[in-house]
Amino acid sequence: METPIGKQIAAAFVKAQRQFGPALKTSTNPHFRSKYADLSNCIEAVIGALNDNGIGLMQRTYDCPNGVMVETIFVHESGEVMECGLLNVPAAKQDPQGYGSALTYARRYSLLAATGLAPEDDDGNAGSRRPEAPQIDAGMMADHIAAIDASANKEELQTAYKAAYDA
């Protein structure tokens, strides 16, 4: 059964949320060559506003056989508590590094969901405009498809596909 949210913590949380900063994307994921807001950036975006409004941040972990389970909890100085639900993240590898990675991921995403925070757009405006459709040169696309179709072996196919992908 869900614990009802107390009036004092609810009012303080709304005030704090108005003061949250952006979760800046300063870390790079080498596998996808993309930027993301790491756990410290996410905490930094909210902790000052939470504390200034009498709210402490806790992230409780629970036993989980295949990964980690985390729950973000906010505690108000009045003693009222706001529990935000469990998040289960499987560990990609069953070793300390796999569990550590899953724990960091779970803590970050649990915090983002609990606070309603979304990482900052890379250019500050991406969320407010419609993405532009990529311009495709039909002739060039036909040439790439022809090169893929004409591939005689795996190496030629890989080369043609890479050229098409890069284009």
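Predicted model, so just to flag it, every value in this text is computed and none were measured.
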Members sharing Tyr62's hydrophobic cluster, built from side-chain contacts under 4.5 Å between Ile, Leu, Val, Met, Phe, Trp and Tyr, are Met69, Leu86

Measure the spacing between NE2 of His76 and CD1 of Ile5 and express it to the nearest 0.5 Å. 13.0 Å

For the pair Glu71 (side chain) and Arg60 (backbone), establish whether a donor and an acceptor sit closer than 3.5 Å, ignoring hydrogens and angles. no

Cluster check Ile73, Leu111: I/L/V/M/F/W/Y, side chain < 4.5 angstrom: no

CZ of Arg108 to CG of Leu87: how many Å apart, nearest 0.5 Å? 11.5 Å

Ring pair (Phe, Tyr, Trp, His ring centres under 6.0 Å) pairs touching residues 91-110, sequence neighbours excluded, are Tyr105-Tyr109

How close do Gln17 and Thr115 get, heavy atom to heavy atom, and via which atoms? NE2-O, 2.6 Å

Nearest atoms (heavy-atom pairs only) where Gln8 meets Ser78: OE1-CB, 3.2 Å

Decide whether Ile47 and Met82 are clustered together by the hydrophobic rule: side chain heavy atoms of Ile, Leu, Val, Met, Phe, Trp, Tyr closer than 4.5 Å, transitively. yes

Donor-acceptor contact below 3.5 Å, side chain Asp38 vs main chain Cys42: no

Partners passing side chain to side chain donor-acceptor pair (under 3.5 Å) against Thr61 (at least two apart in sequence or in another chain): none

List the atom of Gly56, the atom of Asn51, and the distance in Å for their closest heavy-atom pair. CA-ND2, 4.1 Å

Quick check: closest heavy atoms across Ala114 and Cys84, and the distance to 0.1 Å? CB-SG, 3.6 Å

Would you say Val70 and Ile43 are hydrophobically clustered, going by side-chain heavy atoms of ILVMFWY under 4.5 Å? yes

CZ of Arg107 to CG of Leu57: how many Å apart, nearest 0.5 Å? 8.0 Å

Residues Ala12 and Ile55: closest non-hydrogen pair is C-CD1, 3.6 Å

Tell me whether the rings of Phe20 and Phe13 are parallel (<30°), tilted (30 to 60°) or perpendicular (>60°). perpendicular

Kindly write out the residues that satisfy side chain to side chain donor-acceptor pair (under 3.5 Å) with Thr104, not counting sequence neighbours, or none if the list is empty. none

What closest approach, in Å, do Leu117 and Gly21 show between heavy atoms, and which atom pair accounts for it? CD1-O, 3.6 Å

Suppose we screen for side chain to side chain donor-acceptor pair (under 3.5 Å). Which residues come up paired with Thr72, at least two apart in sequence or across chains? Gln59, Ser110

Residues that Gln19 engages under side chain to side chain donor-acceptor pair (under 3.5 Å), provided they are two or more places apart: Asn53

